[in-house]
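Below is one structure, written out as structure tokens; comments come after it.
Throughout, protein chains are lettered first and strands after them, A, B, ... in sequence-line order, and every chain is numbered starting at 1. The figures that follow rest on heavy atoms only: side chains count, while hydrogens, waters and symmetry mates do not.
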Amino acid sequence: MSDILLRIENLKTWIGSGPRPVRAVDGVDLEIRRGETFALLGESGCGKSMTALSIMRLLPPAGRIVEGHVELDGVPLLDLPEVAMRQERGGRMGMIFQEPMTSLNPVLTIGQQIAEAVRVHEDPARRRTPEQRVLELLEAVGIPDPKRRVREYPHQLSGGMKQRVMIAIALAGRPELLIADEPTTALDVTIQAQVLDLMRDLQRERGMAILLITHDLGVVSETADRVAVMYAGQIVEIAPADTFFGAARHPYSRKLFESLPRAERRSARLNVIEGNVPPLDRDFTGCRFADRCDLAEPRCHEVSPEWTVLGEGEGVRCHLYAGGAGVTLFPRAAVEHPDRAVSQGGETLLETEQLKVHFPIHKGVFRRVVGHVRAVDGVSLAIPTGRTVALVGESGCGKTTVGKGILQLIRPTAGQVRFDGEELTRLTQRELRRRRRNMQIIFQDPMSSMNPRMLVGNIVEEGMQAQRMGDRAWRRRRVTELLEHVGIPAEARNRYPHEFSGGQRQRICVARALALEPKLIVCDEPTSALDVSVQAQILNLLQDLQAEFGLSYLFITHDISVVSYLAHEVAVMYLGRIVERGTVQEVLEDPLHPYTQALLSAVPTVDKGSKRKVIHLEGDMPSPANPPAGCHFHPRCPVAMETCRTAYPPERRIGGSRVVSCFRVTGETGSESGPAGSAPR
Amino acid sequence: MASFLIARLASALVVIFGVVCTVFLLIHLVPGDPVELMLGESAQPADRAALREALGLDRPLPVQLGVYLERLAHLDLGQSLHSQRPVAEVLAARLPATAELAVAALLVAIVTALPLGVLAATHHNGAWDTGAMGFSLLGVSIPNFWMGPLLILVFSIGLGWTPVSGRSGLASLILPALTLGTALAAILARMVRSSLLEVLNEDYIRTARAKGLSPAAVMWRHALRNAWLPVITVLGLQLGALLGGAVVTETVFSWPGVGSLMIEAIQKRDYPVVQGCVLVIAVAYVVVNTLTDLVYGWIDPRIRLGDA
């Protein structure tokens with residue numbers, strides 16, 4: 001039996017017909033060994049998902065494999081007739097996908113969906129009674145109470161549970177290879193930690209190989225044995241994980257590391273990769289990365305680099321290594337940020353006190369109100385002028401609603417919001433509209449937050465028009481200025497949003513927010529839809545603008561590394577309330593609340609050396625419609641006490657800037673402790 | 001499920017009550033004197049008074065409504081002015097014909113539309129797709145009053161396979177059912193196609209294929225079950241219309257259904273019969289649409305199980 005389980009040679013997959021098909025996968029070679037975890041790393045559009053779908057022969061209708069050889073344990077997959085291929089699919093190789101929410105059929109129970117896979121691949125003798133095996137599989141993927149769960153439908157399960165069901169389906173055929181396409185990207189970090197752990201355990205028990213497709217360096221470093229980096233349809237580097245995280249070889253790999261936001265880079269600008277991934281519908285003459293590479297030489301633009309073997313199952317596609325000799329690693333550029341270090345917080349610009357946003361739940365024929373979703377349930381925070389306050393939490397904790405409540409885009413149910421000393425909650429719509437100039441918002445998805453039928457110029461100008469700023473000519477000049485300021489050429493004004501890349505669109509959104517000369521910008525996950533190299537560009541831009549205009553940011557995010565890089569202060573939210581807040585050093589380096597500790601420990605890190613211990617949280621976040629009695633966190637808390645079950649812990653002030661709500665933490669009790677469980681008005 | 005059922009039935013009852021009130025008021029919405037309209041201008045004053053009294057129009061409105069509702073509870077819809085028979089009886093004689101035609105047309109439609117829609121969707125932009133959609137366009141475009149006579153000309157007069165008109169056994173049902181069914185099939189095939197095209201792009205279809213299921217299993221168990229929802233909405237609306245009587249088709253084939261009854265009644269100004277027809281049509285709509293909702297819940301657990 002050979003050591004190699006999967007061998008891919010010169011795989012080429014094109015999408016679309018016509019004169020210029022997109023060469024999504026353009027000559028990929030790789031080998032996966034039995035029982036190993038092989039990570040395929042790359043940014044969106046590099047062809048990593050298409051590689052996986054080619055192996056499974058599950059390409060979308062427009063895609064086709066034009067050349068190449070794929071061998072699973074000696075069986076040439078691309079030559080199999082479709083009927084035989086169906087036995088391999090879901091049999092010796094299973095696949096799980098990025099979106100567990102949409103990957104399960106909504107009208108079939110999860111039991112039915114797993115049983116289906118069992119029936120296709122189980123021995124004929126046992127095929128008729130898959131029930132027992134379904135229960136075994138559910139148990140294997142750690143779903144509590146499987147007897148009850150088999151009869152449930154996907155919408156009754158949380159995202160993490162759905163991904164477990166997907167894994168159970170993939171395991172039904174006892175696969176030797178599990179292909180996982182961004183399996184945790186749509187999940188929260190604490191849930192991600194659970195799912196990655198599960199995959200690791202299953203791999204150990206069953207000895208299956210995993211092809212892990214991801215864009216997340218942290219996830220790779222936590223799980224992979226070997227790593228392949230993909231860029232523009234080709235593999236540019238393959239290395240054992242330890243080598244890769246010790247010293248990545250290809251300039252693109254190195255750039256990926258350098259564009260990661262981290263605490264140590266706080267005073268520096270992130271080293272970004274300029275430009276964008278080239279379109280794949282044309283021929284390349286030189287290296288595909290040459291246009292964005294700092295180390296490019298003339299030959300890089302003229303001759304395509306060959307694959308250079310650097311060891312057993314190791315290699316790189318770069319001219320720098322072509323001589324066979326190692327290359328002195330180039331120094332990391334650390335550019336000091338001019339104003340950043342000295343930016344000190346000024347006066348309080350925005351202050352919320354016991355902010356509450358409750359949504360009524362209607363039920364029955366007469367749409368009676370039967371309860372409230374307490375999305376935000378008593379949030380107090382302050383944002384000083386010129387500072388960035390990060391609001392961190394997992395999905396469903398209410399952080400986005402806090403942002404909208406502050407801007408009065410949703411009218412709060414109770415509590416105060418003071419902006420520049422003025423109470424916003426009592427203003428009429430009309431008065432509020434005038435003050436919108438001072439506070440703007442940037443959303444997560446730049447595409448859907450711009451009207452696709454409006455020209456970019458009009459999108460940026462519209463707010464100024466609404467606020468009656470200047471005359472037409474002045475506004476037009478200003479649009480040009482603004483676009484150039486965020487790094488978009490001025491002629492973009494006459495184009496439509498869909499003509500730009502994701503990063504450029506987010507720049508346009510930043511320009512739109514800046515147009516009104518605001519004092520505060522609420523940034524709601526502004527980089528989570530972007531690739532890491534583009535994220536770095538946007539974070540740099542936001543920092544520059546803060547230094548230049550003294551802007552304040554409320555930065556809403558689930559990404560701890562962005563927080564550590566960008567924020568001055570952090571507030572951690574759980575189920576509608578802030579459980580801990582303080583300066584970024586205090587909270588991230590010495591978290592006091594058990595939830596903060598668990599959240600931080602679950603974030604995968606790229607530092608191979610750091611053997612941090614992940615604190616595992618059981619289960620999922622409860623529903624904000626029906627929060628647990630006492631401390632909201634106590635059912636999942638590893639250190640919960642009897643008191644935690646009955647009373648919500650008051651805010652305790654520690655030192656000058658730190659506030660924690662936990663009975664385990666001793667400190668002075670805050671004067672403004674929130675009334676626990678107060679009824680909505 | 002129980003609470004979902006009760007909620008749907010309750011709201012259906014509310015709608016039917018609204019329909020009843022509207023039908024009752026119809027007679028008062030007629031411009032001028034309804035009695036004069038019914039009897040003609042040359043009628044004797046005594047006859048008018050008699051009719052007015054017979055219809056109860058001389059009494060105050062709330063009393064009239066009360067009387068109307070009470071009679072309705074006993075299925076008494078009044079008397080036909082023309083034949084002097086109870087309206088309920090007249091309608092009862094016509095309803096089976098209409099129901100028969102509606103069900104037959106529906107069968108024709110489903111049997112043609114389903115394979116056409118599936119073929120078109122699975123061969124998107126291919127020859128099957130073009131062919132199926134061409135047929136569908138033709139089906140929608142050809143009016144029933146043209147299609148009906150054409151079928152009669154070919155199959156009844158030319159080949160002599162079916163009766164020309166009337167309702168006399170299964171053979172006489174074929175042509176009207178084909179006429180009605182074709183138009184419906186055309187619309188349904190389009191719905192099946194577009195709905196399937198959307199569903200076939202969903203992630204869970206990819207999951208199903210990744211399990212190693214056969215294309216037939218993917219189509220039946222996964223794609224069609226999800227594609228049904230929008231199709232059923234259209235089906236419900238169309239069936240409601242069919243049950244209300246396919247006026248044109250029934251007239252062309254002299255089919256003794258509710259549709260042709262209504263036409264006759266309107267021509268004869270037989271007001272109570274018209275009222276009865278409108279009531280039947282409206283109730284048929286409500287009943288069918290309520291059934292559609294229930295089927296929805298049966299297919300889609302997210303609707304059945306609500307937010308809980």
Side-chain angles (χ1 to χ4, degrees), chain A residues 52-53 56-61 82-109 112-121 151-156 165-166 169-170 172-173 179 181 361-366 370 373 623 625, chain B residues 1-15 121-126 129 197-229 232 295-308:
Chain A
L53 292 173
M56 292 286 278
R57 283 175 51 190
L58 276 178
L59 289 169
E82 176 60 25
V83 180
M85 187 63 202
R86 285 210 294 271
Q87 277 306 313
E88 302 291 335
R89 231 183 252 143
R92 285 199 301 171
M93 49 184 191
M95 184 161 180
I96 57 175
F97 302 95
Q98 172 168 358
E99 282 291 343
M101 319 293 162
T102 55
S103 291
L104 288 169
N105 189 333
V107 304
L108 298 177
T109 64
Q112 287 171 321
Q113 300 191 50
I114 301 172
E116 229 176 21
V118 173
R119 264 191 224 104
V120 179
H121 300 287
R151 287 193 301 275
E152 290 195 336
Y153 290 93
H155 74 274
Q156 294 168 296
V165 172
M166 286 296 293
I169 290 174
I179 303 178
D181 188 356
I361 306 169
H362 298 280
K363 209 170 179 180
V365 186
F366 301 104
V370 293
V373 175
S623 157
Chain B
M1 188 70 193
S3 68
F4 171 74
L5 234 143
I6 291 166
R8 284 289 167 257
L9 290 180
S11 64
L13 282 178
V14 171
V15 174
T122 47
H123 299 78
H124 188 202
N125 289 336
D129 192 11
L197 278 180
E198 203 169 299
V199 170
L200 287 174
N201 265 325
E202 295 282 351
D203 289 345
Y204 54 78
I205 297 298
R206 191 179 51 189
T207 307
R209 292 178 61 211
K211 287 177 194 172
L213 293 182
S214 68
V218 173
M219 180 57 73
W220 275 107
R221 285 182 59 89
H222 292 273
L224 276 177
R225 276 199 69 162
N226 282 283
W228 269 127
L229 288 176
I232 281 167
V295 172
Y296 248 77
W298 175 60
I299 293 184
D300 192 338
R302 286 166 295 184
I303 298 172
R304 186 194 329 149
L305 301 172
D307 306 326

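- Taking every heavy atom of both residues into account, A:V107 and B:N226 meet most closely at CG1-OD1, 3.5 Å.
- Residue A:Q112 touches chain B through both its backbone and its side chain, counting heavy-atom pairs closer than 4.5 Å.
- Across A:T109, A:L108, A:I96, A:I179, the residue that shares the most heavy-atom pairs under 4.5 angstrom with chain B is A:L108.
- A distance of 11.5 Å separates CZ of B:R209 from CE of A:M95, quoted to the nearest 0.5 Å.
- Annotation: maximal heavy-atom pairing with chain A below 4.5 Å, among B:R225, B:H124, B:R206, occurs at B:R206.
- Ranked by heavy-atom pairs under 4.5 Å with chain B, the first of A:M85, A:M101, A:R86, A:M56 is A:R86.
- For chain B, the nearby parts of A:Q113 are the backbone and the side chain; heavy atoms of each come within less than 4.5 Å.
- Per-residue heavy-atom pair counts under 4.5 Å with chain B were compared for A:L104, A:I169, A:T102, and the maximum is reached by A:T102.
- Panel note: side chain B:T207, backbone A:S103; a donor-acceptor pair is recorded below 3.5 Å.
- Closest approach of B:P301 and A:P106 over heavy atoms only: CG-O, 3.2 Å.
- Looking at every heavy atom in both residues, B:Y204 comes nearest to A:N105 through CB-N, 3.5 Å.
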Only pairs under 3.5 Å count here: list side-chain donor-acceptor contacts from residues 213-221 of chain B, not counting sequence neighbours, and write none if there are none.
residue, atom, partner, partner atom, Å
B:S214, OG, B:A217, N, 3.3
B:R221, NE, A:E116, OE2, 2.4

